[in-house]
Colleague: 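Dropping a structure here in structure tokens format, bear with me for questions.
Here is how names work: the chains are called A, B, and so on, in the same order as the sequence lines, proteins then strands, and each is numbered from 1. A quick note: this is a predicted structure, and the numbers were derived from the prediction, not measured. Below, each value reflects all heavy atoms present in this structure, side chains not excepted, and no hydrogens, waters or symmetry copies.
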There are 2 protein chains.
Amino acid sequence: MRTRPLKVALLGCGVVGSEVARIMTTHADDLAARIGAPVELAGVAVRRPSKVREGIDPALVTTDATALVKRGDIDVVVEVIGGIEPARSLITAAFEHGASVVSANKALLAQDGAALHAAAEEHDADLYYEAAVAGAIPLIRPLRESLAGDKVNRVLGIVNGTTNFILDKMDSTGAGYQEALDEATALGYAEADPTADVEGFDAAAKAAILAGIAFHTRVRLDDVYREGMTEVTASDFASARNMGCTIKLLAICERAGDGRSVTARVHPAMIPLTHPLASVRGAYNAVFVESDASGQLMFYGPGAGGAPTASAVLGDLVAVCRNRLSGTTGPGESAYAALPVSGMGDVVTRYHISLDVADKPGVLAQVATVFAEHGVSIDTVRQTGKDGEASLVVVTHRASDAALGGTVEALRKLDTVRGVASIMRVEGE
Amino acid sequence: MRTRPLKVALLGCGVVGSEVARIMTTHADDLAARIGAPVELAGVAVRRPSKVREGIDPALVTTDATALVKRGDIDVVVEVIGGIEPARSLITAAFEHGASVVSANKALLAQDGAALHAAAEEHDADLYYEAAVAGAIPLIRPLRESLAGDKVNRVLGIVNGTTNFILDKMDSTGAGYQEALDEATALGYAEADPTADVEGFDAAAKAAILAGIAFHTRVRLDDVYREGMTEVTASDFASARNMGCTIKLLAICERAGDGRSVTARVHPAMIPLTHPLASVRGAYNAVFVESDASGQLMFYGPGAGGAPTASAVLGDLVAVCRNRLSGTTGPGESAYAALPVSGMGDVVTRYHISLDVADKPGVLAQVATVFAEHGVSIDTVRQTGKDGEASLVVVTHRASDAALGGTVEALRKLDTVRGVASIMRVEGE
């Protein structure tokens, strides 16, 4: 074994960073044995240097992250600050000064992954980011390496623990959205401002990263259709149960039917209770991957949290250190397929639509005609009514989102349709 | 991209080998893009050269596998013959003649993994074998690489599809073992001689491989305790259901309580219906991994079959080719921890014991005394009886297998105990 240590600079020492530092210290011998050389924490960049950090030598702590990444003797920079800046500038500077980078930064990778990969390649450095998607769950490496000889057709996953906690709570207790969110906040599963989670921004960043790797195609954050889950109601859960389904916020990356284009989207959807994703409880994450040869694979585990995310960071750190010792780099960006990324209109799926309608003869015929005129085939209709009010629940066969959108627009114009109570996609069949 | 192709020799062209050859042909452009150089099928060693093999140039087919691996121009040998010989000699010869090896051979890896890894290292070659455990499910790579910065404490898995199909059938239809086996055979899930599957030999080989990687310790096939599932009865399933459990054949690799030794075992066990492994149906495989930092992860997918196994082989082939192009090798054997492997007596778990007893006062007191004398604490007892016959179902708290063995031996000597109807371990809690 080499005795000269590899030097690691840690940017950020919050929930994840402090766990990374702790494990680097407590498991130093194991890490050295697995890497083939010791690793040394050479510096820790923080915002508040006065805060006491158990187990971290105060002499290593600095507020000057830029000087740290530019020292020139750093082998690997671990970035767990999050957000776009200063993370982006620091990572770029790290490459320019000879370091490889391990990052947990989904927002940055989703927005600037291509440029960062190019910078890494230019400087013969590694950029690894297993921790950016689904915390501890090995997902980037299996997609990029284990499935490198296969053709991935679909990635379907629960990649946000906060929203899964809320939806699971609504499903199991009948609570409304606000009540379930309040509980998630009280328990620390939701942040004070939950927008990034509940509006699907966090999941959309992960979908962009996953789609890019799965399809060997650059998928930008803007390419991802995004719909949050704040409008899911207890009544939607009741409708789902009637269909033998539950509701999950899903990130879905798919090849289009002809395989010539791909789509990526995040929205709430009904999935059958028999689907393995339906039984993913609480704040857990799980990702289903469908490929030509391997069939259906699922990866399940804790999608967030200090220790689980640190586990993913450290797995990358070991890999990057090994690469450095053998003078090579791991797989970089693979975007050779360069498939066009289609918009939501081209997505083909099934829909569950609840309509408030007038309770009189002929309404169903009118509604059915509108669906037919837009080429959307109906699977089932359920009609309930009393006191002049009635509701129609229509479940369609597979249709394009564009066709469904046209159908709904036309339905709203019918005198007999008083309102469209809800539209939800049905996935996982 | 390099234009000179990497040359691949395929040993075996059965269910898996023919899929490997097919995908190498149909996905040649994708493989070339992902590797950075084309890969060429340079030879296929088979036993029956006269058999027509669609899509394979007859000029590539040979019965002389030894000559093929010794050609000297082969970059990667893919071994999908199975069994110990001639696979072992061929793989060794491949290393000696400059090739790296991708293998799907669990029996060989479990028996001679250490020697083969040493041969690979001596010749600066790679030995990859993702396909040897749980077919398409990425498991070796996540354990070896993604969790390289974590401490794995337990691996608990369904790693044999045949036995899972049989047990699932018994559970869902109430069928007995033989009836369920007959159906598995008729559907092609069980071989004409099902011994390797139903007696747990196949799962034990996989357990040895998984334990070795998870604990960085050499675990030989002989170190794995093995009990088949041929004696599981419909009545055991009824007992399991009474406890809110089902029965699975599990491969279990664990650190002992003090972390200073490890155990590996394969046997049928009751697991709670709420455990994710309980809902693994049919011939699917799934493996639960528990680690210090990452918590509980699960990997799920098809554990066998031509195309899924080929997917795993090709993922390895891409990795080995990339390593070859960059003049390096991937992670080899990691056995630095060299923990002692304890026998079954040291395993600590819970037990479900059914006793046929005389239906008279004082029996329960006698039985409870025997448990107490052996230091085995009882969790619950259920007593049923009529017409002078009675049964006692005892579920214990956690106890060592040695203590439980002593208890059962003493119980058999009691006049009031007419027989020990069944003993089953309870896992996954």
Colleague: Under 4.5 Å between any side-chain heavy atoms of B/Phe299 and A/Met298, yes or no?
Modeller: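 A side-chain contact under 4.5 Å is absent here.
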
Colleague: In terms of heavy-atom pairs under 4.5 Å, which option from B/Asp316, B/Val318, B/Leu297 contacts chain A the most?
Modeller: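 Among B/Asp316, B/Val318, B/Leu297, the one with the most close pairs to chain A is B/Leu297.
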
Colleague: What part of B/Asp292 gets closer than 4.5 Å to chain A, counting heavy atoms only: side chain, backbone, both or neither?
Modeller: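 Looking at B/Asp292, just its side chain touches chain A.
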
Colleague: Roughly how far, to the nearest 0.5 Å, is the CZ atom of B/Arg281 from the OG1 atom of A/Thr274?
Modeller: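 One finds 11.0 Å between OG1 of A/Thr274 and CZ of B/Arg281.
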
Colleague: If the plane angle is over 60° it's perpendicular, under 30° parallel, otherwise tilted; pick one for A/Phe288 and B/Tyr300.
Modeller: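 If you compare the ring of A/Phe288 with that of B/Tyr300, the planes turn out tilted.
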
Colleague: Working to the nearest 0.5 angstrom, can you tell me the gap between B/Glu145 CD and A/Glu130 CD?
Modeller: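 CD of A/Glu130 is found 10.5 Å from CD of B/Glu145.
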
Colleague: Side-chain contact test, heavy atoms from C-beta onward, threshold under 4.5 Å: evaluate it for A/Leu139 versus B/Ser146 and give yes or no.
Modeller: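 Not touching, per the 4.5 Å side-chain cut-off.
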
Colleague: Yes or no on side chain to side chain contact (heavy atoms under 4.5 Å, CB included) for B/Leu314 and A/Asp150, after CA distance, side-chain angles and deciding distance?
Modeller: CA-CA 7 Å; B/Leu314 285 158; A/Asp150 209 332; over 6 Å; no

Colleague: Would you mind telling me which of A/Ser311, A/Gly315, A/Ala312 has the largest number of heavy-atom pairs within less than 4.5 Å of chain B?
Modeller: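 With the most close heavy-atom pairs to chain B, the winner is A/Ser311.
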
Colleague: Among A/Asp30, A/Val280, A/Ile137, A/Ile23, who wins on heavy-atom pairs under 4.5 Å with chain B?
Modeller: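 Answer, by heavy-atom pair count under 4.5 Å with chain B: A/Asp30.
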
Colleague: Can you tell which of B/Pro302, B/Pro142, B/Ala319, B/Ser334 has the highest number of heavy-atom pairs within less than 4.5 Å of chain A?
Modeller: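 Ranked by contacts with chain A, first place is B/Pro302.
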
Colleague: Which heavy atom of B/Arg144 sits nearest to which heavy atom of A/Arg322, and what is that distance?
Modeller: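 Smallest heavy-atom distance, with atoms named: O-NH1, 4.2 Å.
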
Colleague: So which of B/Pro331, B/Gly301, B/Pro138 has the largest heavy-atom pair count under 4.5 angstrom toward chain A?
Modeller: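 Greatest number of close heavy-atom pairs with chain A: B/Pro138.
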
Colleague: Give, as side chain, backbone, both or neither, the part of B/Thr328 having an atom under 4.5 angstrom from any heavy atom of chain A.
Modeller: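 For B/Thr328, the side chain is the part near chain A, not the backbone.
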
Colleague: Check whether A/Leu317 gets within reach of chain B through its side chain, its backbone, both or neither, counting any heavy atom under 4.5 Å.
Modeller: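 No part of A/Leu317 comes within 4.5 Å of chain B.
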
Colleague: If you count heavy-atom pairs within less than 4.5 Å of chain A, which of B/Ala286, B/Ala293, B/Ala307 leads?
Modeller: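 Heavy-atom pair counts peak at B/Ala293.
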
Colleague: Side chain from CB out, backbone as N, CA, C, O: work out which of these in B/Leu147 comes under 4.5 Å of a heavy atom of chain A, or both, or neither.
Modeller: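 Both backbone and side chain.
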
Colleague: Taking atom CZ as the centre, does B/Phe165 end up with more than 12 heavy-atom neighbours from other residues, nucleotides or ligands that are less than 6.0 angstrom away?
Modeller: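 Buried by this count: over 12 neighbours within 6.0 Å.
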
Colleague: Nearest 0.5 Å, what's the NE2-CZ distance between B/His216 and A/Arg34?
Modeller: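 Going from the NE2 atom of B/His216 to the CZ atom of A/Arg34 covers 3.0 Å.
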
Colleague: Under 4.5 Å, counting heavy-atom pairs only, tell me which of A/Ala136, A/Ser294, A/Gly327 racks up the most with chain B.
Modeller: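 With the most close heavy-atom pairs to chain B, the winner is A/Ser294.
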
Colleague: Near B/Glu121 CD, under 6.0 Å, is it more than 12 heavy atoms from other residues, nucleotides or ligands?
Modeller: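 For B/Glu121, atom CD is not crowded (no more than 12 foreign heavy atoms under 6.0 Å).
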
